[in-house]
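On a predicted model such as this, the values are computed, not experimentally measured, just so you know. Whatever order the structure lists them in is the order used to number ligands and atoms, beginning at 1. Heavy atoms only: backbone and side chains are in, while hydrogens, waters and symmetry mates are out.
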Amino acid sequence: MTETTGYSGSGLVLVKNPHLDLLEEDVLYHLDLGTKTHNLPAMFGDIKFVCVGGSPNRMRAFAQFMHRELGLAGDAEDVADICAGSDRYAMYRAGPVLSISHGMGIPSISIMLHELIKLLHHAKCRDVTIIRIGTSGGLGIEAGSVVITDTAVDSSFQPRFEQVVLGDVVVRSTELDKELAEELLACSREIPDFPTLIGHTMCTYDFYEGQGRLDGALCSFSSEKKLAYLRRAYDAGVRNIEMESTAFAALCGMCGLKAAVVCVALLDRLQGDQIRAPHEVLWEFQRRPQRLIAAFIRKRLGLR
Ligand code: R2B
Ligand code: URA
């Protein structure tokens, strides 16, 4: 069964679940929020940008950075974790920007997105742009390059996200917003020394064998087979590899959210498997998607 995307003209976030209307209360368990315990429209109704990324610390640093970039009142260091009652995910806000961690891999991001999308729906948010900012392995590109995804593909290079529902495989489209990707690329051109490109992003279920690494606890293939696979991926248009983009694109697309994926490459997978760059270098690389998104949000808000 194939399902298509759900962009709506109203700008509202769509939830495609008739059962939700029958709930007296919706408990967003992993976020420690709920429709009865919290006034979600008052807390989140004015959110316009949602940024998601793997690590809680990185997403706190991003909220603090946005606080400063937007010139908000108060001390950026004081941003509070809105989901402090749950140690699954962390959530911070800076003005109209929400910054949330999603952990590693499709199951983790998928749980967070179900609850986040319901939160945006209950809060009656409009015209929300959602961006995943993350890390990845590059393919034939220099370490430190930022890849803006045009299409998220699976490990067979297909633009699809397969989810087993009641024992059947449901296939969902992984299209992302092309105009948003171009807008982000245009922003990147205004930042000096900021290598950025648009390309396909391959999403896998594993960091080691699943990404063709030779250095896991298990490896069932040769170095030649690995390189042949990565070269096939490159020829199919893949420029980086990570672990969340297909589920992110599918869920956001189905619910009418304009979505983008912006990941920095920590290494070139055609050159090796291990991430060896020093911590300071990796830290600066991980800040690149944040700097690009800050420039984009400032521009959208007319701040320069
Ligand atoms: C990128 O980095 C993580 C693995 O190291 C994973 O969450 C991803 O997509
Ligand atoms: N994240 C991944 O998923 N793969 C890499 O190679 C680096 C970061």
Side-chain angles (χ1 to χ4, degrees), residues 30 51-62 88-90 99-113 116 130-149 151-155 157 161 174 176 195 197 199-217 219 221 223 226-227 229-231 233-234 238-252 259-279 281-290 292-293:
H30 302 86
C51 297
V52 305
S55 124
N57 280 334
R58 191 158 23 92
M59 296 322 284
R60 188 192 331 100
F62 177 67
R88 298 295 185 183
Y89 305 105
S99 177
I100 311 155
S101 69
H102 57 58
M104 285 193 284
I106 286 174
S108 182
I109 196 172
S110 166
I111 294 166
M112 191 281 281
L113 285 175
L116 170 67
I130 183 165
I131 303 173
R132 164 167 144 69
I133 48 177
T135 58
S136 61
L139 215 45
I141 62 175
E142 205 189 324
S145 305
V146 173
V147 180
I148 303 168
T149 307
T151 309
V153 299
D154 67 10
S155 47
F157 324 135
F161 173 56
T174 54
L176 289 156
L197 59 138
H200 296 354
T201 295
M202 180 162 82
C203 180
T204 68
Y205 284 93
D206 172 47
F207 183 85
Y208 288 99
E209 279 189 300
Q211 293 187 5
R213 278 189 159 80
L214 299 169
D215 61 343
C219 186
F221 46 82
S223 162
K226 161 201 159 172
L227 279 175
Y229 175 67
L230 293 182
R231 290 210 180 96
Y234 185 90
V238 173
R239 291 296 175 271
N240 66 339
I241 309 172
E242 46 77 270
M243 300 179 60
E244 293 85 15
S245 58
T246 51
F248 173 81
L251 265 156
C252 296
V261 177
V262 176
C263 290
V264 69
L266 301 182
L267 75 170
D268 178 1
R269 288 299 318 290
L270 295 178
Q271 307 296 327
D273 294 338
Q274 299 224 319
I275 300 173
R276 296 174 179 277
H279 279 289
V281 173
L282 291 177
W283 178 251
E284 195 276 315
F285 283 175
Q286 292 186 29
R287 280 190 38 82
R288 292 185 184 185
Q290 303 185 19
L292 175 56
I293 298 318

Looking only at protein heavy atoms, which one is nearest to [atom], and what is the separation?
{"atom": "atom 6 (O) of ligand 2", "value": "Arg213 NH2, 2.6 Å"}
{"atom": "atom 8 (C) of ligand 1", "value": "Glu244 OE1, 3.5 Å"}
{"atom": "atom 4 (N) of ligand 2", "value": "Gln211 OE1, 2.8 Å"}
{"atom": "atom 5 (O) of ligand 1", "value": "Phe207 CE1, 3.5 Å"}
{"atom": "atom 5 (C) of ligand 2", "value": "Gly137 N, 3.3 Å"}
{"atom": "atom 1 (C) of ligand 1", "value": "Thr135 O, 3.1 Å"}

Test side chain to side chain contact (heavy atoms under 4.5 Å, CB included) on Arg269 and Arg213; report intermediate values, then the result. CA-CA 9 Å; Arg269 288 299 318 290; Arg213 278 189 159 80; 3.5 Å; yes
Applying side-chain contact (heavy atoms from CB on, under 4.5 Å) between Arg132 and each of Leu113, Val52, Thr149, Leu176, report the one that passes.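 Testing Arg132 for a side-chain contact (heavy atoms from CB on, under 4.5 Å) against Leu113, Val52, Thr149, Leu176 leaves exactly one candidate, Val52.
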Against heavy atoms of [X], which atoms of ligand 2 measure under 4.0 Å?
{"X": "Met243", "result": "3 (O)"}
{"X": "Ile241", "result": "2 (C), 3 (O), 4 (N)"}
{"X": "Ser136", "result": "1 (N), 5 (C), 7 (C), 8 (C)"}

For the pair Gln211 and Asp206, evaluate side-chain hydrogen bond (donor to acceptor under 3.5 Å, both in side chains) and give the outcome as yes or no after the intermediate values. CA-CA 6 Å; Gln211 293 187 5; Asp206 172 47; over 6 Å; no
Please test Ile141 against Val147 for side chain to side chain contact (heavy atoms under 4.5 Å, CB included), starting from the C-alpha separation and ending with a verdict. CA-CA 9 Å; Ile141 62 175; Val147 180; 3.5 Å; yes
Can a non-hydrogen atom of Arg132 be found less than 4.0 Å from any atom of ligand 1?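 Yes, that is the case, since the closest heavy atom of the residue is under 4.0 Å from the ligand.
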Over all atoms of both residues, closest heavy-atom pair of Phe62 and Ser99: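 In this case the closest contact between Phe62 and Ser99 is CD2-OG, 3.6 Å.
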What are the two closest non-hydrogen atoms of Ala152 and Ser245, and how far apart are they?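 Looking at all heavy atoms of both residues, the shortest contact is CB-OG, 3.6 Å.
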Ring centres of Tyr229 and Phe157 under 6.0 Å apart?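 For Tyr229 and Phe157, the ring centres are under 6.0 Å apart.
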Looking only at side chains, do Thr246 and Asp154 share a donor and an acceptor under 3.5 Å apart?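 No.
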With atoms numbered from 1 as shown, which atoms in ligand 1 lie under 4.0 angstrom from a non-hydrogen atom of Met104?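 Answer for ligand 1: 3 (C), 4 (C), 7 (O).
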Could you walk me through whether Met104 and Phe207 pass side chain to side chain contact (heavy atoms under 4.5 Å, CB included), step by step? CA-CA 10 Å; Met104 285 193 284; Phe207 183 85; over 6 Å; no
Check this for me - ligand 1, Glu242, N or O atoms closer than 3.5 angstrom, yes or no?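 No; the residue has no nitrogen or oxygen that sits under 3.5 Å from a nitrogen or oxygen of the ligand.
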May I ask you to check if ligand 1 and Ser136 share an N or O to N or O distance below 3.5 Å?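 No: no nitrogen or oxygen of Ser136 is under 3.5 Å from one in ligand 1.
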Side chain to side chain contact (heavy atoms under 4.5 Å, CB included), that's the test. Do Leu197 and Ser145 meet it? Break it down for me. CA-CA 8 Å; Leu197 59 138; Ser145 305; 4.1 Å; yes
Would you say Arg269 has any N or O atom under 3.5 Å from an N or O of ligand 2, going by distance alone?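 There is no such contact.
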Min N/O separation Glu242 to ligand 2 under 3.5 Å: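 Such a contact does not occur with ligand 2.
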Using a 4.0 Å heavy-atom threshold (strictly under), name the region of Leu267 that reaches ligand 2: side chain, backbone, both or neither.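 Side chain only; the backbone of Leu267 stays clear of ligand 2.
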